[in-house]
Student: 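After the C-alpha cells below, expect a handful of questions from me.
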Amino acid sequence: MKNLQIIHHRELPRRRPTPITHCNLQREEMESSVTGGEDSGANISLSVKFSGRTIPITNLSPDSTIKDLKSLLQPLTNVLPRGQKLICKGKLLVDGMTLKESEVANGSRIMLMASQGLHQGDGPILKQAPTRPISRANNATTLGKEKTEVSVDKNRLDRWKATGVIGLRDYNLRAIPDEVWACGTSARVIELSNNAIPAVPAKIGCLSSLQKLFLSANDILDNSINWEALVSLKFLTVLSLDQNHLTTLPPALGLLTSLRQFHVANNKLSSLPNEIGLLTKLEVLKVNNNRINTMPTCIGDCIGLIEVDVSSNLLSELPETFGNLHNLKSLCLSNNGLKSLPSTLFKKCLQLTTLDLHNTEITMDVLRQTEGWESFDERRRLKHQKQLDFRVVNSGAFDEGADKS
C-alpha cells in the first residue's frame, strides 16, 4: 500500500511549453484548413460529379449561394442553372441557401443531375463528347467506292454555261472540279454541299458573276478559304458554309457587301467579327449551333436583317443594338443562357412576330416587364391566328418557350 501511495503522490515531470513560432502557427493553419477547423471564413474547394467526369471548383466563399455555384457550372457543363439538380450527402441543395447553410464544406463531393432539354449550345458536355458527324448520303455503303472526281462531258459543261447553274451535291468530291472554273463568268449558282471538299482556292475569283455559293457539309478549315478571292465576288448574295470546321471568320467578311444570306451554322465559332456590321444588305443570318459567347454590338448596323438564328450557342446576353433591327421578323434564341432581352427589342422592332426562347432563363414575368411586350404579343397572336385559320400550323406552334414563372 505504501508503494502505491508513493507512486500516487510522485510528481510527473512537467512538459515544457512549446514555444510559439512562425512555423508552428503556419502548421496549425494548414491543419485547420485541411480539417475544416475553426476558420469558417476560409474559401471552399469542392468537386462536382457529372456525366462520368469530375469537375473541380475552387476558391468559393462559404457565403456563396447554391445559385452562384450553378452559374459557375453552366459554362462548364452547358446545363442551364434551372436544369441543374445538385445533391450533396443525399440532400438536394436549395438555390437560395449558402454553402455554409447547406453544410457544404471544403472537399465536399456534389452530384449534378441535368434535366433533359434545359441546356445551351449543343447540349451537356459529356466525358467523351463525340465529334459532330457529317452525314453524307450512303456514306457507309459506298466506302471504298467513293467518287473522287466527276465525269463532265462536253454536253454537261455546255449546259452549265447555258443555265449558269452547276449542281454537284452528294458526289463525295475531294476538290472542286476544274470544269467549274471553265464556266467562268457564266456561273451564277454553284451547289457543292455534302462532299468532302477541304478548300476554296483562289480560282473562285474567276467566277466573277457568281451569285449563290453552297458549300455546306464539307471539310473546310479556317485557313483553307481564300478570302481575298472570295470577297472579290461583288454579286454574291448567298453564302452557305454550314457544317464545316470553322472556328473563326476574318474581317474580310465585311467586304461581301452584296450578301443577303449568310449561313454558317454547325461550326465551332466562338465569335463573329465586328466587320459583320458592314453587311447592311444582309437579310438572313444563321449562326446556330456554334460556341458563340457574345454578339458584337455592330450587329445593329445590319439594318436589313429580317431573320436571325443564334440558337444553341453560349450567349448570356444580347447587345442593346438589336433594337436597331427595325426589319427583324424572326429571332431564334433557344438553348442559350440568356436571362433577359434587349430593353428596346419589342419597342423598336415592330415587325417582330416570331421569337423562340425555348431552354433559356427568360421567364414570362421578364417578358411582361419588357417595354413593348403588349404590342408584340398582339402581333404574334394575330400572325398565329391567321396561320391557324389557313391550317398552316397547329396550336402547338404558339409558344415562345418562356416559363410561366
Side-chain angles (χ1 to χ4, degrees), residues 121 200 204 210-213 215 220 222-223 225-242 244 246-334 336-338 340-352 354-356 370 372:
V200 181
I204 195 75
L210 193 63
Q211 298 174 16
K212 299 180 181 181
L213 178 58
L215 285 163
I220 298 172
D222 294 338
N223 57 1
I225 299 178
N226 191 308
W227 284 98
E228 183 179 356
L230 190 61
V231 300
S232 70
L233 306 177
K234 299 304 180 184
F235 300 103
L236 191 66
T237 59
V238 178
L239 177 59
S240 179
L241 293 168
D242 292 338
N244 279 283
L246 302 176
T247 61
T248 59
L249 294 171
L253 177 66
L255 297 176
L256 290 171
T257 52
S258 296
L259 208 60
R260 294 184 181 274
Q261 294 187 29
F262 185 41
H263 303 258
V264 67
N266 287 289
N267 279 278
K268 302 174 183 177
L269 301 175
S270 59
S271 63
L272 297 176
N274 288 329
E275 288 74 11
I276 199 170
L278 300 174
L279 306 181
T280 55
K281 295 182 180 179
L282 193 65
E283 296 177 355
V284 177
L285 176 63
K286 296 200 173 184
V287 293
N288 50 291
N289 294 89
N290 277 283
R291 309 289 296 172
I292 298 173
N293 52 40
T294 181
M295 290 290 288
T297 56
C298 60
I299 194 69
D301 296 331
C302 301
I303 55 176
L305 277 173
I306 296 173
E307 180 181 354
V308 176
D309 189 347
V310 292
S311 57
S312 297
N313 277 285
L314 305 177
L315 296 169
S316 57
E317 62 180 359
L318 295 177
E320 286 293 324
T321 51
F322 258 84
N324 298 338
L325 306 179
H326 298 166
N327 295 311
L328 190 64
K329 294 182 178 180
S330 176
L331 180 58
C332 296
L333 301 171
S334 62
N336 278 285
L338 297 168
S340 62
L341 293 173
S343 60
T344 59
L345 184 68
F346 295 142
K347 182 181 178 181
K348 292 185 176 181
C349 300
L350 300 180
Q351 307 263 358
L352 185 64
T354 300
L355 179 64
D356 185 355
T370 305

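Computed over heavy atoms, backbone and side chain alike; hydrogens, waters and symmetry mates excluded. Given the structure is predicted, the values throughout are model-derived calculations rather than measurements.
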Student: Excluding sequence neighbours, so at least two apart, what forms side-chain hydrogen bond (donor to acceptor under 3.5 Å, both in side chains) with Gln351?
Tutor: none

Student: Identify, with sequence neighbours excluded, every residue that meets side-chain hydrogen bond (donor to acceptor under 3.5 Å, both in side chains) alongside Thr370.
Tutor: none

Student: Val238: what forms a side chain to side chain contact (heavy atoms under 4.5 Å, CB included) with it, not counting sequence neighbours?
Tutor: Lys212, Phe214, Gln261

Student: Compare every heavy atom of Pro273 with every heavy atom of Pro250, then report the nearest pair and how far apart it is.
Tutor: O-CG, 3.8 Å

Student: To the nearest 0.5 Å, tell me how far Leu285 CG sits from Leu279 CG.
Tutor: 9.0 Å

Student: Got a second to check how far Leu325's CG is from Leu331's CG, nearest 0.5 Å?
Tutor: 8.5 Å

Student: Output the distance between atom CG (Leu345) and atom CG (Asn324), rounded to the nearest 0.5 Å.
Tutor: 11.0 Å

Student: With sequence neighbours excluded, give me every salt bridge (charged side-chain N to carboxylate O under 4.0 Å, His left out) pair touching residues 251-262.
Tutor: Arg260-Glu283

Student: Quick one: which residue pairs count as a salt bridge (charged side-chain N to carboxylate O under 4.0 Å, His left out) with a foot in residues 271-282, not counting sequence neighbours?
Tutor: none

Student: Which heavy atom of Ile276 sits nearest a heavy atom of Pro296, and at what distance?
Tutor: CG2-CG, 4.2 Å

Student: Under 4.5 Å between any side-chain heavy atoms of Cys332 and Asn288, yes or no?
Tutor: no

Student: How close do Pro319 and Pro342 get, heavy atom to heavy atom, and via which atoms?
Tutor: O-CG, 3.5 Å

Student: Mind checking side chain to side chain contact (heavy atoms under 4.5 Å, CB included) for Thr247 and listing every partner two or more places apart, or none if nothing turns up?
Tutor: Asp222, Lys268

Student: Could you state the interatomic distance from OG1 (Thr248) to CG (Asn223), rounded to the nearest 0.5 Å?
Tutor: 9.0 Å

Student: At what distance, to the nearest 0.5 angstrom, does CG of Leu239 lie from CD1 of Ile225?
Tutor: 7.5 Å

Student: Show, in sequence, the C-alpha distance, side-chain angles and deciding distance for Phe322 and Leu352, and conclude whether the side-chain contact (heavy atoms from CB on, under 4.5 Å) test is met.
Tutor: CA-CA 12 Å; Phe322 258 84; Leu352 185 64; over 6 Å; no

Student: Applying side chain to side chain contact (heavy atoms under 4.5 Å, CB included), name anything that partners Leu315, two or more places apart in sequence or on another chain.
Tutor: Ile292, Met295, Val310, Asn313, Leu318, Asn336, Leu338

Student: Under the side-chain hydrogen bond (donor to acceptor under 3.5 Å, both in side chains) test, which residues partner Ser343, sequence neighbours left out?
Tutor: Glu320

Student: Test Leu355 against Leu341 for side-chain contact (heavy atoms from CB on, under 4.5 Å), laying out the working first.
Tutor: CA-CA 11 Å; Leu355 179 64; Leu341 293 173; 4.0 Å; yes

Student: Test of understanding: with side-chain hydrogen bond (donor to acceptor under 3.5 Å, both in side chains), list the residues that count as partners of Ser270, not counting sequence neighbours.
Tutor: none

Student: Show me the donor-acceptor pairs, under 3.5 Å and distance only, between side chains in residues 297-309 and residues at least two apart or in other chains.
Tutor:
| from | atom 1 | to | atom 2 | distance (Å) |
| --- | --- | --- | --- | --- |
| Glu307 | OE2 | Lys286 | NZ | 3.3 |
| Asp309 | OD1 | Ser311 | N | 3.0 |
| Asp309 | OD1 | Ser311 | OG | 2.6 |

Student: Quick one: does Asn290's side chain have a donor or acceptor within less than 3.5 Å of a partner on Asn267's backbone?
Tutor: yes

Student: Rounded to the nearest 0.5 Å, what separation is found between the CG atom of Leu282 and the CG atom of Leu256?
Tutor: 10.0 Å

Student: With side-chain contact (heavy atoms from CB on, under 4.5 Å) as the test, would you mind laying out the steps for Phe262 and Leu249 before giving the verdict?
Tutor: CA-CA 12 Å; Phe262 185 41; Leu249 294 171; 3.8 Å; yes

Student: Tell me every residue that passes side chain to side chain contact (heavy atoms under 4.5 Å, CB included) with Asp242, counting only those two or more places apart in sequence or in another chain.
Tutor: Ser216, Ser240, His263, Ala265

Student: Any side chain to side chain donor-acceptor pair (under 3.5 Å) pairs touching residues 226-238, not counting sequence neighbours?
Tutor: none

